[in-house]
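Here's the structure, in structure tokens; my notes come after.
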Amino acid sequence: MALTKTAAAPARRRRRGERGPLAALGLHTGLLTATAVALFPPLWLLVTSFKPKSESFTTALVRHFTLDNYTHVVADTYFLTWLGNSLLVVVGTTLIGVFVAATAGYALSRFRFPGMRPLMWVLLITQMFPMAVLIVPLYNTMASLGLLNQPVGLIVTYLTVAVPFCAWMMKGFFDTVPVDIDESGRVDGLTPFGTFWRLVLPLARPGLAVTGFYTFVTAWAEVAYATAFMTGEENLTLAGGLQTFVNRYGSDWGSMTAAAVIVAVPAAVVFGFAQRHLVAGLTAGATKS
Amino acid sequence: MAVETTRRAATADAGGGDSGAARAGGRGTGNETGRTGGSESASSGTGGRGGAVAGLRRAAQVHWYAWAMVAPVVAVIATIVGYPLLRGVWLSLTDADEANVERVIGVNHLPATYRFTGLDNYEAILGDSVFWDRLGWTVVWTVGCVGVTFLLGLTLAVMLNRQVRGRSFYRIGMIVPWGIPAFVSVFAWKMLFNEKNGLLNKVLDGGGIEAVPWLGDPVWAKVAVIAVNVWLGVPFMIVAMLGALQGIPGELYEAAEMDGAGPWQRFRNITLPGVRSVSSTVVLLSTIWTFNMFPVIYLLTRGGPEDSTEILVTYAFRLSFINSPRDYATSAAWGVLILVLLSLFTVVYRRTLRRQGEVW
């Protein structure tokens with residue numbers, strides 16, 4: 001069957017993986033379009049940030065290049081305060097979140113202990129908790145503890161979002177580290193903690209990078225809690241602060257775009273570095289879960 | 001498949017099953033010992049017919065490392081998920097609002113005065129058309145977003161998985177939206193969607209098409225929020241599907257080609273089954289994420305015009321943080337209902353997958 005087919009095929013058959021010019025054109029058109037659509041909105045934000053306020057909405061590229069928007073945002077608004085608040089919250093969440101997730105992920109990957117199955121279930125279920133369930137009780141609790149408008153309140157809150165997913169992801173990572181390594185550590189007289197800390201954790205560094213990055217991004221970009229828990233201009237984080245530029249009462253698109261660029265660039269740079277690991281990590285986590 | 005290996009590793013590494021060590025001791029075998037913590041269970045396993053107390057003590061001896069390592073996670077989850085959850089359920093059964101919860105005004109500390117009202121809130125919500133309207137739109141929103149995102153992601157991943165010049169450029173370009181905080185991207189889109197001056201309408205105008213009230217008309221606003229969410233979600237989908245595609249052995253395609261299978265047949269019979277385990281997970285995850293997607297709708301339209309784009313989550317948020325007076329009890333009840341819906345969905349989804357022979 002296969003033989004006759006091959007014999008009957010026309011002589012100038014293409015090699016495997018080769019494409020006709022039309023197919024190649026279609027492929028490149030499709031990929032180019034998708035890339036353009038992906039890149040355009042952020043690029044346009046960048047372009048607009050260099051225009052004077054009066055020209056925010058012109059279709060032309062920059063005609064009168066200016067950094068006014070940037071100087072205005074940095075000098076005359078609370079932007080730097082928001083940035084500081086955001087950084088404080090994000091770094092706190094990332095450090096605590098990654099540590100907690102790593103130890104739990106290791107235990108889940110290496111030991112079989114009573115209570116493990118329920119714990120895995122809880123971690124999985126917690127991931128789908130809508131913030132709508134937790135936000136009111138958390139808000140009331142924070143209010144009675146005096147933690148509203150405090151970075152600590154947000155750090156604690158963001159752990160609910162980050163920890164379950166990260167623990168799950170770290171388990172996937174530790175599963176890829178061969179058990180032989182633990183064994184050799186034990187043979188050399190290390191305790192389970194020692195094995196974890198000195199041998200396995202360094203090997204799972206890509207995993208730590210991914211979970212750290214994930215936590216960072218989650219906290220950096222969270223809107224709902226940040227809007228509800230932080231009030232008063234000087235207490236806002238970036239997610240809340242940027243909203244004040246464009247709200248019901250007026251829109252200052254110039255400042256908004258400049259602030260947005262300052263927020264987006266570091267995130268994009270960190271993402272660029274983490275991206276490769278992130279891809280490996282997420283797919284590992286996805287197939288493992 | 002991956003599940004299989006994990007499970008085998010698990011058995012090898014800890015001595016058989018969840019409560020393996022304890023059970024092995026009870027049966028007095030003791031040769032079913034694991035590598036981790038092996039020596040302890042070996043020594044006590046042989047002589048261990050000592051009853052429940054001894055069993056417990058031995059379990060603590062064997063497992064205390066594991067328990068110590070998961071303790072932080074348990075503590076975190078118990079205090080900031082477990083407790084608020086219980087409190088949320090409790091609040092949903094009361095008439096708590098801004099005026100009667102415990103609060104501090106200046107130096108005065110006012111105790112809570114809200115009362116238990118039973119299922120009144122739920123009755124009111126389920127008897128009102130608002131909930132069902134919002135639920136209907138939330139389902140449309142979720143199915144629309146996840147469906148389109150998945151199709152686009154899979155298509156683009158298949159295209160990227162081929163030998164094509166400039167592949168890494170395309171790949172990085174398409175992943176960019178993922179690296180930018182969602183709220184920044186949403187603001188960028190809000191600017192493009194601006195009815196009077198936005199770029200989209202200006203371009204349409206240049207083509208002789210009348211301006212579209214992107215965010216001002218209920219139908220267009222729905223289109224707009226879905227479009228933005230798809231734009232935000234596709235990068236993740238591409239990456240996940242690329243990973244899945246790269247896991248399919250190339251020999252399968254060669255063999256199929258030898259047998260004379262066309263491109264479409266190869267796609268249907270090799271690619272689709274090959275990406276199934278990843279895509280079922282990814283679809284479940286993105287369904288849950290989309291169902292709960294707050295920033296896109298809140299920042300782009302604030303749920304408007306006239307509630308038309310308000311999904312369940314944004315509506316619950318509005319009840320407790322935007323409307324005045326803040327209605328904590330009703331909002332909590334909405335939250336609980338959302339959780340119930342999501343749990344039901346997950347259970348049904350998993351059961352369907354299992355019936356189709358997917359181990360997940």
Side-chain angles (χ1 to χ4, degrees), chain A residues 2 5 17 27 30-31 34-35 38-39 41-42 45 57 59 100 103-104 106-107 110-114 116-117 119 122 126 128 130 132-134 136-138 140 144 156 159-160 163 167 175 179 183 192 220-221 223-224 228 239 253 256 260 263-264 267-268 271 279 282-283 286-289, chain B residues 2 6 10 13-14 18-20 35-36 63 65-66 69-70 72-73 76 80-81 84 87-88 101-102 156 159 163-164 170 173-174 176-177 179-184 187-189 197 199 202 239-240 243 258-260 278 281 288 292 294-295 313 316-317 320-321 328 331-332 335 338-339 342:
Chain A
K5 258 229 149 137
L27 188 62
L31 289 172
T35 313
L39 290 177
L45 204 63
F57 278 113
T59 43
V100 168
T103 52
Y106 181 74
R110 288 299 198 264
F111 306 116
R112 294 295 166 271
F113 54 92
M116 171 183 164
R117 213 149 258 278
L119 180 64
V122 168
T126 317
M128 46 184 245
V133 185
L134 301 179
V136 168
L138 273 174
N140 290 338
S144 57
V156 169
L159 288 177
T160 60
V163 163
D175 282 344
V179 187
E183 274 171 50
W220 189 249
V223 175
W253 287 101
M256 209 287 295
V263 176
F271 179 83
V279 171
L282 277 171
T283 41
T287 41
K288 288 235 162 56
S289 56
Chain B
T6 328
D13 119 42
D18 290 335
S19 48
R35 299 188 226 167
T36 318
H63 299 296
Y65 282 121
M69 286 183 113
V70 295
V73 152
V76 164
I80 56 184
V81 180
R87 226 184 111 80
V101 293
E102 180 185 6
L156 291 171
M159 289 164 97
Q163 299 287 334
V164 54
Y170 288 132
M174 284 183 212
V176 161
I180 297 173
F183 67 89
V184 170
F187 282 125
W189 277 102
N197 303 313
L199 192 72
K202 286 204 171 149
V239 166
M258 296 287 261
D259 290 347
V278 175
T281 313
I288 291 167
N292 292 327
F294 177 83
V313 174
F317 184 85
S320 52
F321 295 104
Y328 295 135
S331 180
I338 294 169
L339 184 61
L342 278 177

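Chain identifiers are assigned alphabetically (A, B, ...) following the order of the sequence lines, protein sequences preceding nucleic acid strands; residue numbering begins at 1 within each chain.
Between A/Thr160 and B/Val81, the closest heavy-atom pair is CG2-CG2, 3.8 Å. Summarising the geometry of A/Arg112 relative to B/His63, their closest heavy-atom pair is O-CE1, 3.1 Å, with the distance given to 0.1 Å. Shown here for B/Gly173 and A/Thr35, the closest heavy-atom pair between the two residues is CA-CG2, 3.8 Å. Considering all non-hydrogen atoms of both residues, A/Ala132 and B/Ile338 come closest at CB-CD1, 4.0 Å. In this structure, A/Val223 and B/Pro295 approach most closely via the heavy-atom pair CG2-CB, 3.7 Å. Shown here for B/Ala66 and A/Phe113, the closest heavy-atom pair between the two residues is CB-CD2, 3.4 Å.
No other option in A/Ala221, A/Ala228, A/Gly30, A/Pro41 has as many heavy-atom pairs under 4.5 Å with chain B as A/Pro41. By number of non-hydrogen pairs under 4.5 angstrom with chain A, the leading residue of B/Phe321, B/Tyr170, B/Phe317 is B/Tyr170. With chain B as partner, the option from A/Leu39, A/Leu159, A/Thr126 having the largest number of non-hydrogen pairs under 4.5 angstrom is A/Leu39. Listed options B/Ala316, B/Pro84, B/Pro72 were ranked by heavy-atom pairs under 4.5 angstrom with chain A; first place goes to B/Pro84. In terms of heavy-atom pairs under 4.5 angstrom with chain A, the leader among B/Ser320, B/Pro177, B/Ala182, B/Ala332 is B/Pro177. Of the listed residues (A/Ala167, A/Ala107, A/Ala224), the one with the most heavy-atom contacts under 4.5 Å to chain B is A/Ala224.
At a 4.5 Å heavy-atom cutoff, the contact between A/Leu119 and chain B is made by side-chain atoms alone. For a residue to count as touching a neighbouring chain, one of its non-hydrogen atoms must lie under 4.5 Å from one of that chain's; by this rule A/Val163 touches chain B with the side chain only. Only the side chain of A/Ser144 comes within less than 4.5 Å of a heavy atom in chain B; its backbone stays farther off. For A/Trp253, the part sitting under 4.5 Å from any heavy atom of chain B is the side chain, from C-beta outward, and nothing else.
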Item to check | Test log, rule side-chain contact (heavy atoms from CB on, under 4.5 Å), inputs A/Val263 and B/Phe183 | outcome: CA-CA 10 Å; A/Val263 176; B/Phe183 67 89; 4.0 Å; yes
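Here B/Tyr328 pairs with nothing under the side-chain hydrogen bond (donor to acceptor under 3.5 Å, both in side chains) rule; sequence neighbours left out. Contacts of A/Ala268 classified as side chain to side chain contact (heavy atoms under 4.5 Å, CB included), with partners at least two apart in sequence or in another chain: none.
Remark: A/Leu31 CG to B/Met174 CE distance equals 4.5 Å, nearest 0.5 Å.
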